[in-house]
Amino acid sequence: QVQLVESGGGLVQAGGSLRLSCAASGRTFSTYAMGWFRQAPGKEREFVAGISRSANTWYADTVKGRFTISRDNAENTVYLQMNILKPEDTAVYYCAASGNVVRVPWGYDYWGQGTQVTVSS
């Protein structure tokens, strides 16, 4: 079992940057693919980025070129660097763990509690 705790959310102006972190418990972090999802009020949870066990990465078209996902297996942590933030990036951001990177939330076994990101215009 994996427990995930996100941090790094906050309020930022459009064009700014934030780095989210997701710390995982347990000794098996390196065996999981990790994903970042987000959910805005009244909308479905959507895929943002994913990273495989071998550090291959995938991104939603809406964030490609602005966001970067990375992982540090020694620190049991996955990161999401978010640059050139836009008001439409405002959402609760969740990290999740799975056997493989998939773009749908039901493909993930473990979830963090989420961290709020608000981008003002």
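In this chain, residues are counted from 1 in sequence order.
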Would W106 end up clustered with V92 when hydrophobic side chains under 4.5 Å apart are linked, directly or stepwise?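 Per the 4.5 Å side-chain linkage, W106 and V92 are co-clustered.
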Holding to side-chain contact (heavy atoms from CB on, under 4.5 Å), I want the full list of residues that pass it with S121, two or more places apart in sequence or in another chain.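 Once residues adjacent in sequence are excluded, the partners of S121 under the side-chain contact (heavy atoms from CB on, under 4.5 Å) criterion are P87.
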Side-chain heavy atoms of L80 within contact of M82, under 4.5 Å: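 They are in side-chain contact.
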hydrophobic_cluster_shared for V48 and Y110, side chain cutoff 4.5 Å: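 Yes, same cluster.
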For the student: nearest non-hydrogen atoms of E6 and G114, plus distance: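 Residues E6 and G114, closest heavy atoms: OE1-N, 2.8 Å.
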Does R66 have any salt bridge (Lys or Arg N to Asp or Glu O under 4.0 Å) partners at least two apart in sequence or in another chain, and if so, which?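 Applying salt bridge (Lys or Arg N to Asp or Glu O under 4.0 Å) to R66 gives D89.
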State the CZ-OG1 distance between F67 and T57, to the nearest 0.5 angstrom.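 Between F67 CZ and T57 OG1, I get 14.0 Å after rounding to 0.5 Å.
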Going by side chain to side chain donor-acceptor pair (under 3.5 Å), name the residues that satisfy it together with E88, two or more places apart in sequence or in a different chain.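 Partners of E88 by the side chain to side chain donor-acceptor pair (under 3.5 Å) criterion come out as none, since no residue qualifies.
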Think R71 forms a cation-pi with Y32, using NZ or CZ under 6.0 Å from the six-ring centre and within 45 degrees of its axis?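 No, R71 does not sit over the ring of Y32.
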For the CD atom on Q3, are there more than 12 heavy atoms of other groups (residues, nucleotides or ligands in this structure) within a distance under 6.0 Å?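 Counting neighbours around CD of Q3, 12 or fewer heavy atoms of other residues, nucleotides or ligands fall under 6.0 Å, so no.
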Pairwise disulfide (SG to SG under 2.5 Å) hits with a residue in residues 17-121, at least two apart: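 Every pair satisfying disulfide (SG to SG under 2.5 Å) with a residue in residues 17-121: C22-C95.
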Just grab all the ring pair (Phe, Tyr, Trp, His ring centres under 6.0 Å) pairs involving residues 69-104, residues at least two apart or on different chains.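 Applying ring pair (Phe, Tyr, Trp, His ring centres under 6.0 Å) to every pair that reaches into residues 69-104, excluding sequence neighbours, yields nothing.
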Minimum heavy-atom separation for V119 and T90, please, with both atom names.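 The pair with the smallest heavy-atom distance is N-OG1, 2.9 Å.
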Any side-chain heavy atom of V101 within less than 4.5 Å of one from N56?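 V101 does not reach N56 side chain to side chain.
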So, using salt bridge (Lys or Arg N to Asp or Glu O under 4.0 Å) as the criterion, who are the partners of E46 when residues are at least two apart?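 By the salt bridge (Lys or Arg N to Asp or Glu O under 4.0 Å) rule, E46 matches R38.
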Taking only residues two or more places apart in sequence, or in another chain, which ones meet S7 in a side-chain contact (heavy atoms from CB on, under 4.5 Å)?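 S21.
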Restricting to pairs with a member in residues 26-56, which pass disulfide (SG to SG under 2.5 Å), not counting sequence neighbours?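 Qualifying pairs: none.
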List the residues meeting salt bridge (Lys or Arg N to Asp or Glu O under 4.0 Å) with K64, not counting sequence neighbours, and say none if there are none.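 So K64 forms a salt bridge (Lys or Arg N to Asp or Glu O under 4.0 Å) with D61.
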Filter on ring pair (Phe, Tyr, Trp, His ring centres under 6.0 Å), then keep only pairs touching residues 35-63, sequence neighbours left out; what's left?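 Only F37-F47, F37-Y108, F37-W111 qualify under ring pair (Phe, Tyr, Trp, His ring centres under 6.0 Å).
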Check side-chain contact (heavy atoms from CB on, under 4.5 Å) between Q81 and all other residues, then give those that pass, not counting sequence neighbours.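 Testing Q81 for side-chain contact (heavy atoms from CB on, under 4.5 Å), a comparison that skips the adjacent residues, returns S17, R19, T68, N83.
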Mind checking what makes side-chain contact (heavy atoms from CB on, under 4.5 Å) contact with N100, not counting sequence neighbours?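 So N100 forms a side-chain contact (heavy atoms from CB on, under 4.5 Å) with R53.
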